[in-house]
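So that we are looking at the same thing, I have put the structure below in structure tokens.
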Amino acid sequence: MRCRLVGLFWFLAVVSAPASTDGLLRPTLDSIRDARTVAVEGVPFLSGRLLAEFYAQRGDVLVWVDPARISGLLGLAQRSVSEGFRPEDFHVESLRRLGDPGVLESLTGNARIAADLVLSDALARYVHHHRYGKLDPIAVDSKWHDRPPASGEVLLADMHLALGGKDLEQSLSALFPRPFWYDDLKNALQRFTAQTALAGLPPLPAGSNLVQGSRHPRVAMLRERLARIDGAAVPGSSDADLFDTALHESVVSFQRRSGLTADGVVGPSTLAALNGHGDETKAEQIRINLERMRWLYQDLPEDYVFVDVAAYKVHLARGGDFVWSTRVIVGTPETQTPMFRDTMDHLVFNPTWTVPVSIQKKMGRVSGDYRLVDRRTGKQVGGGNAGDYTRYRLVQAPGPKNALGRVKFMFPNSHAIYLHDTPGKAAFGRQARALSNGCVRVEDPLALAEAILDQPGWDRSGIDRVVERGRTRYVDLADTLPVLLYYLTAFADEQGKVGFRQDIYGRDESLRTAFSGPVLRTRIAFPEPPTPEPSRHPEQPEEEPGTETPDPLDPSTSVRLTRRDSAETPDGEGRSATKAAEPEISTVDRPEASPAGRL
């Protein structure tokens, strides 16, 4: 590829002066279409194929002929800091140079083509980064992140729509709808970067816990720090050293948005969070969490399930707002809950549990709540060594002691991750609840089931009757629900007051490093031409893809032959250039990074 390009541009350099610039555009685009990485005069392009298809759909003509359009794109790049980006992400120096009066008109041949391509790539990056995020989460960490590639069709449509109006910003403003929690954190970034009130304020010193009713000089310091963080005075009595009701409410609000136990007690965890607000790195922490949010919220409807992993919470959204929440238990640092999005389509009441091999091989004798299934014959056997995982499959029957509890919430995914009940309720009382093998254990799962089903016959009394019968029951959702499993170490409320969570999985540093650098390429999916279907005998029935074979030993009240993930483990196992110089175009082929280490 590199040799072909050198020859091509030697030829162009000879003939380009008298030739039509537009006539040289298609050969240039063809030369970069399939390259893994492309740079023109040192400016990297996001995707050679995206640009090639973009110009093909516009008749292979130059796009950037109006200086006002370049000025509009420059303005968008400069204002992108409000979203946590850097103007450099969108070639801001090239935009400034090419936007200067007379510069674009002075360019000819390859230099003019290069300028047009740089401007189009800046637009492509703008729509890509705002719709999907700057970074590909798979490239950041394929073990704990998952998301399909960006859609080439959508990106191209966005670019054409942006250029279809008179004003770029006006054309783009309606293309990227955001959920309220993104806008809240975006507002927090603006507020946080403008905040200078904490400069020079000494940290709140350690000491005994401060609670409502306490009287101590540290209380006055607490009141002042909260007032500066929130940007408003904390109401209270004339006794500044008294921890009164108003201060208690301010502490609870701070704890809630910080993912802490909202008890109003200022102990070590709350103290650390309060003092952390003076750290200059916190603004960057907000930026990388805005980036995380952009990875999963594309085309999000008003109803969805939101798992806030680092805050140990799950929320149900209806009408675009959180209407119900409860505490959860998530994966340990060794068995982390991955970050991804999928679709919940059914619930299972009184589920069975197939014991993961990693657990089964450590077991010996088991109680009558379990049954052994011969892996060779698929039949239940009356005796045998439960620890012999090569020969037997170990299944726990439904019941109050079942590891999945009374209900599991299914959203088929390659990680074998889902939400479920648990018989171990005591752990929900802990503040740090990274305790599972990856799946999400729900504190009040039957209330969540009622809120999700939300249909006649499935109120709490109806659910209780099904549970009491003890038989496995599959229930389809009337409408499927997106499930978003987010790992967020910064979150904000509707006033833009930000709370910082503990980075329990240690993911912030690698994301911060990647986010600060340039993006040379990303995964983009383009539609491929359809392939002819293989011939089939007229009498041969067509199998439904993903059909699950029912377990003959499963005492369920219904048999479902639908597309579904069959994993049953409760904790996720099994799962700058001169104005008229000729451009230097370079491509470097690199092997695709393959995801590894899935849960």
Side-chain angles (χ1 to χ4, degrees), residues 180-181 184-185 187-188 191-192 195-279 282 285-286 308 310-315 321-329 425-433 443-444 447 488-502 504:
F180 70 91
W181 29 268
D184 289 345
L185 191 59
N187 292 337
R191 181 180 168 137
F192 197 90
Q195 187 181 75
T196 59
L198 289 172
L201 187 68
L204 191 62
S208 58
N209 290 356
L210 296 177
V211 300
Q212 188 171 351
S214 298
R215 178 176 276 104
H216 194 279
R218 292 170 62 235
V219 173
M221 298 177 68
L222 169 64
R223 190 185 304 276
E224 181 181 8
R225 178 164 284 272
L226 276 172
R228 295 198 187 189
I229 289 172
D230 293 344
V234 178
S237 66
S238 58
D239 189 352
D241 291 345
L242 176 64
F243 196 130
D244 56 15
T245 301
L247 182 56
H248 172 84
E249 292 174 355
S250 294
V251 171
V252 168
S253 174
F254 175 83
Q255 291 172 325
R256 186 175 291 117
R257 64 181 185 262
S258 301
L260 302 169
T261 301
D263 55 8
V265 178
V266 181
S269 298
T270 301
L271 185 70
L274 285 163
N275 287 334
H277 271 258
D279 188 347
K282 294 299 184 183
Q285 190 170 341
I286 296 176
D308 194 347
Y312 312 109
K313 298 291 289 288
V314 61
H315 309 281
D321 201 2
F322 292 160
V323 298
W324 187 92
S325 304
T326 193
R327 289 178 286 191
V328 297
I329 292 169
K425 303 293 187 182
F428 288 106
R430 302 184 187 182
Q431 180 167 293
R433 297 188 294 276
E443 182 178 28
D444 197 351
L488 302 172
T489 59
F491 204 78
D493 63 14
E494 60 275 12
Q495 284 83 41
K497 298 176 182 178
V498 66
F500 297 100
R501 289 83 174 275
Q502 183 181 0
I504 56 176

- Item | Arg256 CZ: over 12 foreign heavy atoms closer than 6.0 Å | no
- How many angstroms lie between atom CD of Gln285 and atom NZ of Lys282, to the nearest 0.5 angstrom? 4.5 Å
- Message: For a 4.5 angstrom cut-off between non-hydrogen side-chain atoms, does Leu210 reach Leu247?
- Response: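 No; the side chains remain at least 4.5 Å from each other.
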- Message: To check you understand the geometry: which heavy-atom pair defines the closest contact between Ala220 and Asp241, and what is its length?
- Response: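 Closest approach of Ala220 to Asp241: CB-OD1, 3.4 Å.
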- Task: Can you measure from CD (Gln212) to CD (Glu249) and round to the nearest 0.5 angstrom?
- Result: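 The CD atom of Gln212 sits 8.0 Å away from the CD atom of Glu249.
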- Query: Can you find a pair of side-chain heavy atoms, one from Phe500 and one from Thr489, that are under 4.5 Å apart?
  - Reply: no
- Interatomic distance, CG@Asp184 vs NZ@Lys497, rounded to 0.5 Å, equals 12.0 Å
- Intermediate values then yes/no, side chain to side chain contact (heavy atoms under 4.5 Å, CB included), Trp324 and Asp444: CA-CA 11 Å; Trp324 187 92; Asp444 197 351; 4.3 Å; yes
- Answer whether the closest heavy-atom distance between the side chains of Leu226 and Leu274 falls below 4.5 Å.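 In short, these two side chains touch, coming nearer than 4.5 Å.
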- Message: Less than 4.5 Å apart, side chain to side chain, heavy atoms only: is that true for Arg225 and Asn275?
- Response: yes
- Item | Validation row: Phe243, Leu222 side chains within 4.5 angstrom (heavy atoms) |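 Yes - at least one pair of side-chain heavy atoms lies under 4.5 Å apart.
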- Query: Would a 4.5 Å heavy-atom cut-off, applied to side chains only, mark Met221 and Pro205 as touching?
  - Reply: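 Yes - at least one pair of side-chain heavy atoms lies under 4.5 Å apart.
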- Task: First locate atom CD1 of Ile329, then atom NZ of Lys425, and finally report the distance between them rounded to the nearest 0.5 Å.
- Result: 9.0 Å
- CD (Gln502) with more than 12 external heavy atoms under 6.0 Å: no
- Task: Report yes or no: does Arg501 contribute a side-chain atom to a donor-acceptor pair with the main-chain N or O of Leu488 at less than 3.5 Å?
- Result: yes
- Message: So, taking the atom named CG in Asp308 and the one named NZ in Lys313, what distance separates them when rounded to the nearest 0.5 Å?
- Response: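 Interatomic distance, Asp308 CG to Lys313 NZ, rounded to 0.5 Å: 8.0 Å.
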- Given side chain to side chain contact (heavy atoms under 4.5 Å, CB included), test Arg433 with Val328 step by step and report yes or no. CA-CA 7 Å; Arg433 297 188 294 276; Val328 297; 5.9 Å; no
- Min side-chain heavy-atom separation Arg215-Asp239 under 4.5 Å: yes
- Task: Measure the acute angle between the ring planes of Phe322 and Phe180, then classify it against the limits of 30° and 60° as parallel, tilted or perpendicular.
- Result: perpendicular
- For the pair Ser253 (side chain) and Ser250 (backbone), establish whether a donor and an acceptor sit closer than 3.5 Å, ignoring hydrogens and angles.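 No; judged by distance alone, with no hydrogens or angles, the pair does not exist.
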- Item | Non-hydrogen atoms of Ala492 and Ala188 that approach each other most closely | CB-CB, 3.8 Å
- Could you point out which residue of Gln431, Arg430, Gln255 forms a side chain to side chain donor-acceptor pair (under 3.5 Å) with Thr261? Gln431
- Would you check if the side chain of Arg223 reaches a backbone N or O of Leu242 as a donor-acceptor pair within less than 3.5 Å? yes
- Rounded to the nearest 0.5 Å, what's the gap from CD on Glu494 to CG on Asp321? Could you check? 8.5 Å
- Ala310 versus Ile504, closest heavy-atom pair with distance: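 Heavy-atom minimum between the residues: CA-CD1, 4.2 Å.
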- Message: Side chains of Leu185 and Val498, heavy atoms from C-beta outward: is any pair under 4.5 Å?
- Response: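 In contact.
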